[in-house]
Amino acid sequence: MAKSVVIVGGGTAGWMTASYLKAAFGERLAVTLVESRNVPTIGVGEASFSTIRHFFSYLGLQETDWMPDCHATYKLAIRYDNWRAEGHHFYHPFERPRVVEGVSLADWWLHKRPSEDYDRDCSVIAALCDAKRSPRRLGGALLAPELGAQDPVSMSRSTMAEQNTQFPYAYQFDATLLARLLTGYGTDRGVRHVLDDVVDTAVDERGHITHVRTKESGDLAGDLFIDCTGFRGMLLNKTLGVPFISYQDTLPNDRAVALRVPMEMADQGMGPYTRASAQAAGWIWTIPLHGRVGTGYVYASDYCTPEEAERTLRAYWGPAADDLTANHIRMRIGRSENSWVNNCVAIGLSSGFVEPLESTGIFFIQNAIEQLVKHFPGGPNDEQLRRSYNRQVANVMDGVREFLVLHYVAAKRNDNDYWRDAKTRTMPDALGARIEQWQAKLPDQDTIFPYYHGFEPYSYTAMILGLGGLDVRPLPGLAMMDDVAAEKELRLVRDQAKSLVETLPSHWDYIAHLNDRKGARA
């Protein structure tokens, strides 16, 4: 049994891993984390999936324990601006469509076409986003029972595998502050924290890492080594020579420029969503935090220079971006052939990364950590555990790749070479056939990417119907069915959305209230 783990690299990936392993194994596992004072973290991954609540519940942290310290806000959806046409926007919400007479309300919508806005007709969350409402009432209660799942406040330990209902929100937070909070959590529970530079890695004749050598602290030995060194892949790729599989042929966005924009939102309000605004060579993200906005332009270097990208981002924000320092980032898009080789596991950017269009960076980290605990080595079947782990992690990333490619293929926008090329670029195997199937029948569990990758059929449907670039047809059989129940459900969605907008507090008011509660407790 592996009794000691050495994590090389800190940041979000390193400290999420260290904290989770301590929560899982306690004193039975010795955990050392070594990170350099001189290597900055990228620190721009600030939005998450709704599944992130399982991470915090596993650690025993409630929202008041961590959200104020990390300047966190709620995220009910991703808002897509200008992907169909200039001035148009739609939402990808954390909300499954309802089922009427055994048929998804999305199919009924396609048949009835009550308006051009699928998200607003079939989702109450779209209305909450437009009105900038909180998913919680000031007393802490979760919005409407019909949309809720088990409240994180009352959840026991669970993992993403146990999520059988769609929880209505995720979080947005300052990733640097989260790493800092988890540093305290981990060290309080026995994680050995070494601030030093790793200068060498020793490997034995089997190809197993025996220790890493640091500049000032000597050799750090362990049974298992976890590579959280980011795009460098110091242990897995450089030391062990594991090949990297590029996704660049299908997802060309390989650069980003980011800003941290101070902003007071008490007057203008705070949208409970991440925004992705399409641009000439990519898209700009906007993530509202308590006290500032995280923003950046993700673009393809084949179509845009870093200087052009920075000018575009600054122009997007106007005077608010004056005198702010821009952070230029080269992104390695793809995944390592295997994320676990011998006694080395890569987690985070060293394992793989795709552009953050659907906030998958932290999801990849969480998935990898959960799978590591479930596949933890120390018996006669370690090789089978490694194979199982590598299959699962690779499937997650390959599935997300397919979903992101769909965004560009299905986008109606077609006004320059970047957006036109997106329609003719190479697609992952089988995606073309899937798209043909979805044009005849909206996605279901049998027609999306067949392995777990974090996205359900409703997400594919929301994007196809929102992006507007695919010619999708209603089910012919619906024309022969009674549509009274479907019309009643569409009215109910509209009425529930109106009621919630009228009774829920604003997102800003709730976040301010949450921070005040934290201050009062302190």
Side-chain angles (χ1 to χ4, degrees), residues 12 16 20 45-59 61-63 66-67 70 72-80 91-98 119 122-129 133-136 140-173 175 178 271-276 285 287-289 356-370 396 399-400 403-404 448 452-463 466 500 504 507 510-511 514:
T12 312
M16 283 182 68
Y20 199 93
E46 296 168 326
S48 61
F49 273 26
S50 62
T51 51
I52 190 67
R53 78 190 197 280
H54 295 285
F55 174 82
F56 291 111
S57 71
Y58 201 92
L59 269 56
L61 295 175
Q62 297 186 8
E63 290 181 353
W66 72 271
M67 283 186 69
C70 299
T73 58
Y74 291 126
K75 171 188 171 184
L76 281 70
I78 298 176
R79 170 173 159 158
Y80 286 87
Y91 295 100
H92 172 195
F94 293 118
E95 182 179 352
R96 294 171 179 166
R98 305 171 191 195
D119 52 350
C122 296
S123 159
V124 303
I125 282 181
L128 300 185
C129 289
R133 290 294 184 260
S134 164
R136 289 188 177 275
L142 196 63
L143 42 88
E146 61 269 21
L147 284 183
Q150 189 178 5
D151 196 318
V153 172
S154 60
M155 280 176 62
S156 58
R157 280 189 175 186
S158 60
T159 67
M160 292 187 284
E162 285 80 66
Q163 177 156 311
N164 54 15
T165 58
Q166 178 55 64
F167 194 70
Y169 67 76
Y171 304 105
Q172 300 165 140
F173 45 79
L178 178 63
Y273 49 79
T274 297
R275 187 192 303 258
W285 80 77
I287 300 176
L289 305 180
L357 184 54
E358 286 283 348
S359 310
T360 49
I362 289 171
F363 163 72
F364 285 157
I365 295 169
Q366 182 187 0
N367 177 72
I369 297 168
E370 288 187 1
V396 164
V400 169
F403 185 51
L404 295 193
I448 64 170
Y452 175 77
H453 57 291
F455 293 100
E456 299 180 23
Y458 84 84
S459 291
Y460 289 77
T461 295
M463 295 311 300
L500 288 169
L504 286 168
H507 186 211
Y510 188 86
I511 294 301
L514 188 68

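As the structure is a computational prediction, the values presented were derived from the model and not from experiment.
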Heavy-atom pair of closest approach, residues [X] and [Y]:
| X | Y | value |
| --- | --- | --- |
| Phe363 | Thr51 | CD1-OG1, 4.0 Å |
| Glu95 | Cys122 | OE2-O, 4.0 Å |
| Ser158 | His54 | OG-ND1, 2.7 Å |
| Val396 | Tyr452 | CG2-O, 3.3 Å |
| Lys75 | Ser359 | NZ-OG, 2.7 Å |
| Tyr458 | Pro97 | CB-CD, 3.3 Å |

Nearest-0.5 Å distance that lies between atom [atom1] in [X] and atom [atom2] in [Y]:
| X | Y | atom1 | atom2 | answer |
| --- | --- | --- | --- | --- |
| His92 | Leu76 | NE2 | CG | 12.5 Å |
| Thr73 | Glu46 | OG1 | CD | 9.0 Å |
| Glu358 | Thr274 | CD | OG1 | 9.5 Å |
| Arg275 | Cys129 | CZ | SG | 10.5 Å |
| Tyr20 | Ile365 | OH | CD1 | 14.0 Å |
| Arg79 | Asp119 | CZ | CG | 10.5 Å |

Side chains of [X] and [Y]: closer than 4.5 Å at any heavy-atom pair?
| X | Y | answer |
| --- | --- | --- |
| Glu63 | Tyr74 | yes |
| Ile448 | His453 | yes |
| Met16 | Ile362 | yes |

May I ask you to check whether [Y] and [X] place their ring centres under 6.0 Å from each other?
| X | Y | result |
| --- | --- | --- |
| Phe55 | Trp66 | no |
| Tyr169 | Phe167 | yes |
| Phe455 | Phe49 | yes |

For this session: With side chain to side chain contact (heavy atoms under 4.5 Å, CB included) as the test, would you mind laying out the steps for Phe403 and Ser459 before giving the verdict?
Result: CA-CA 9 Å; Phe403 185 51; Ser459 291; 3.8 Å; yes
Please check if the side chain of [X] supplies one atom and the backbone of [Y] the other of a donor-acceptor pair under 3.5 Å.
| X | Y | result |
| --- | --- | --- |
| Glu370 | Met160 | yes |
| Ser48 | Tyr171 | yes |
| Gln172 | Ile287 | no |

Exercise. Where do Met67 and Ile511 land on the side chain to side chain contact (heavy atoms under 4.5 Å, CB included) test, with the steps shown first?
Worked result: CA-CA 9 Å; Met67 283 186 69; Ile511 294 301; 4.1 Å; yes
For this session: For side chain to side chain contact (heavy atoms under 4.5 Å, CB included), just list the numbers for Tyr80 and Leu357, CA-CA rounded to whole Å, side-chain angles, deciding distance to a tenth of an Å, and then say yes or no.
Result: CA-CA 10 Å; Tyr80 286 87; Leu357 184 54; 3.8 Å; yes
Problem set entry | Identified side-chain contact (heavy atoms from CB on, under 4.5 Å) partner of Pro135 from the options Leu504, Leu500, Ile125, Leu143 | Leu143
